[in-house]
2 protein chains.
Amino acid sequence: MSSNVSNKCAFKHDLFVQFARVGKALSNGNRLELLEFLAQSERGVDELARISGLTVANTSQHLQQLRQAGLVLSRKEGLKVYYRLSGDDIITLLGTLRGVAERHVADVERLVNTYLTVKDSLEPIPRDELLERVKHDLVTVLDVRPPEEFAAGHVPGAVNVPLDELEQYLQKLDPELEAVAYCRGPHCVLAFDAVARLREKGLKARRMQDGFPEWKQAGLPVESGE
Amino acid sequence: MSSNVSNKCAFKHDLFVQFARVGKALSNGNRLELLEFLAQSERGVDELARISGLTVANTSQHLQQLRQAGLVLSRKEGLKVYYRLSGDDIITLLGTLRGVAERHVADVERLVNTYLTVKDSLEPIPRDELLERVKHDLVTVLDVRPPEEFAAGHVPGAVNVPLDELEQYLQKLDPELEAVAYCRGPHCVLAFDAVARLREKGLKARRMQDGFPEWKQAGLPVESGE
DNA sequence: CTACTATTCAATAAACTTATTGAATAGTTG
DNA sequence: CAACTATTCAATAAGTTTATTGAATAGTAG
């Protein structure tokens, strides 16, 4: 009985140690950023290194750790290795961790206030509401992510307008319609900048709630391709 | 413009570093266990040390880290310091992390199969279904947690039956009713043991989905007290 | 005010993590 | 088959984390 009890305690401890492997994978800012990039689309190592600003070797090391923790999977195509998230539940995990940090870590609140809320203190439009507006052609939806992320999947009817092309694109906008912009996630400056620019031009503009990965994971319709 | 771009990159990196603070807090098995204890009820340091098997100093250190990461809050009452979770979203975070580990970490699957699934491979009864059965007096609900956790909150109508009292309690059970047992979470051996014992006696018995914290956080009715 | 209790702090050693650098490996091309 | 490309591995130094131990702090009781 006594050895039975200690076996159970050891089992439970072992289980927590295993759960902690996922926590370890999420304990580094670089790995979190890599996960956010992979939430948009499958990517190769060299591309991930480039967009994250890490060396290829360092990127590869972090990806090994993410794979060991079960958060990503890989496939090889010729010389290139492509990484992807192991499931949509990783997006939920990232969103939950981000939400907890937003609510309970003062430094996060401070950073968000300093860089984001000053640009747009309005609440973003909820996904379901946006979907209704899209169905009734009541909005223009702008996806300000890089083209390859847009191609991998986007909100139906969205137009891919990287920020440096926004000026030119303005001429094609229906000024009667409200514009809604989205990016990779709820803290992507690009969506905030886009909204700020649109408002400067006198247009009604808002951000979408969260980013594209959350839209997709909520089971909402998705388009692919250019 | 260029300094603007690098400011934005620095901001985003800083944000991920802050998010990683939550990941760091979850990167140690002992801290995860402490969080599961706190999910049941507010506790003092000495009690947490006792039930987790850590020294008081070590427990205190881990609690400081959890507090710095925003996951717990504390209050002082005389000599004693009581810790509690900073919000129900921490329960969501723990559940999401656990779910990801269950699905994507082979060692977790192996541990669960070795210690739990062999005891009860039936699916646990979902919370909503249990609530309906409770309302219609169709089940007996057994809470196998320690009395102080039961007192802090439990499923309405549940009876607190620590495992070593189950034998005696059997005589009071209505053998016509199905028994449903629950504990601190989905991997608590006690709920599995209770179900195994009840079935040995010829009773219909199942586990409840997850544990009490998840029930409460789903907004389902809760009773307090003995 | 002293003695006690509960908790936290600080120093320490050992183990772990991180980024770097160069080597090794696997796949492709000519 | 040699040269090249893309990626991973291994060794390393520096920094961080963990548990321990004893000191320090805060609150209480007599």
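In what follows, every heavy atom counts, from backbone to side chain, and hydrogens, waters and symmetry copies are set aside. This structure is a prediction, so every number in the text was calculated from the model and none was measured.
Rounding to whole angstrom units, CG of residue Leu34(A) and P of dT18(C) are separated by 12 Å. Residue Arg21(B) contributes atom CZ, which lies 15 Å from atom C1' of dT16(D) at whole-angstrom precision. Regarding Leu63(B), its CG atom lies at a distance of 13 Å from the C1' atom of dA6(C), rounded to whole Å. Note: CZ (Arg31(B)) to C1' (dA19(D)) measures 12 Å, nearest angstrom. When rounded to the nearest whole Å, the span between CG of Asn28(B) and P of dC16(C) equals 12 Å. One interatomic measurement links the two molecules: CG of Asn58(A) to C1' of dG15(D), which rounds to 14 Å at whole-angstrom precision. Here the P atom of nucleotide dT8(D) and the CD atom of Gln65(A) are 13 Å apart, to the nearest Å. When rounded to the nearest whole Å, the span between CD of Gln64(A) and C1' of dA6(D) equals 13 Å.
The pair Arg98(B)-Glu214(B) counts as a salt bridge, with a side-chain nitrogen and a carboxylate oxygen less than 4.0 angstrom apart. At a threshold of 4.0 Å, the pair Glu33(B)-Lys12(A) does not count as salt-bridged, since none of the basic side-chain nitrogens sits closer than that to a carboxylate oxygen. Using a 4.0 Å cut-off between a side-chain N of Lys or Arg and a carboxylate O of Asp or Glu, Lys80(A) and Asp46(A) qualify as a salt bridge. Between Arg43(A) and Glu149(A) there is a salt bridge, since a side-chain N of the basic residue sits under 4.0 Å from a carboxylate O of the acidic one. Taking a cutoff of 4.0 Å between a charged side-chain nitrogen and a carboxylate oxygen, Glu109(A) and Arg103(A) do not qualify as a salt bridge.
Using a 30° and 60° split on the angle between ring planes, His154(A) and Phe150(A) fall in the parallel class, below 30°. Taking the six-membered ring where the residue is Trp, Phe19(A) and His187(B) present tilted rings, their angle falling between 30° and 60°.
Inspection of the Gln68(B) and Arg21(B) side chains reveals no N or O donor paired with an N or O acceptor under 3.5 Å.
Heavy atoms of Gln61(B) sit under 4.0 angstrom from at least one base atom.
Applying a 4.0 Å cut-off to non-hydrogen atoms, the residues of residues 66-84 of chain B that approach DNA chain D are Lys76(B), Gly78(B), Leu79(B), listed by residue number. For the contact set between residues 35-56 of chain A and DNA chain D, defined by any heavy atom under 4.0 Å, the members are Val45(A), Asp46(A), Val56(A).
Ring centers of Tyr83(B) and His62(B): at least 6.0 Å apart, outside the cut-off.
The listed nucleotides are dC9(C), dT7(D), dT18(D); the one nearest the side chain of Ser27(B) is dT18(D).
Taking only side-chain nitrogens and oxygens, His62(A) never comes nearer than 4.0 Å to OP1 or OP2 of dT17(C).
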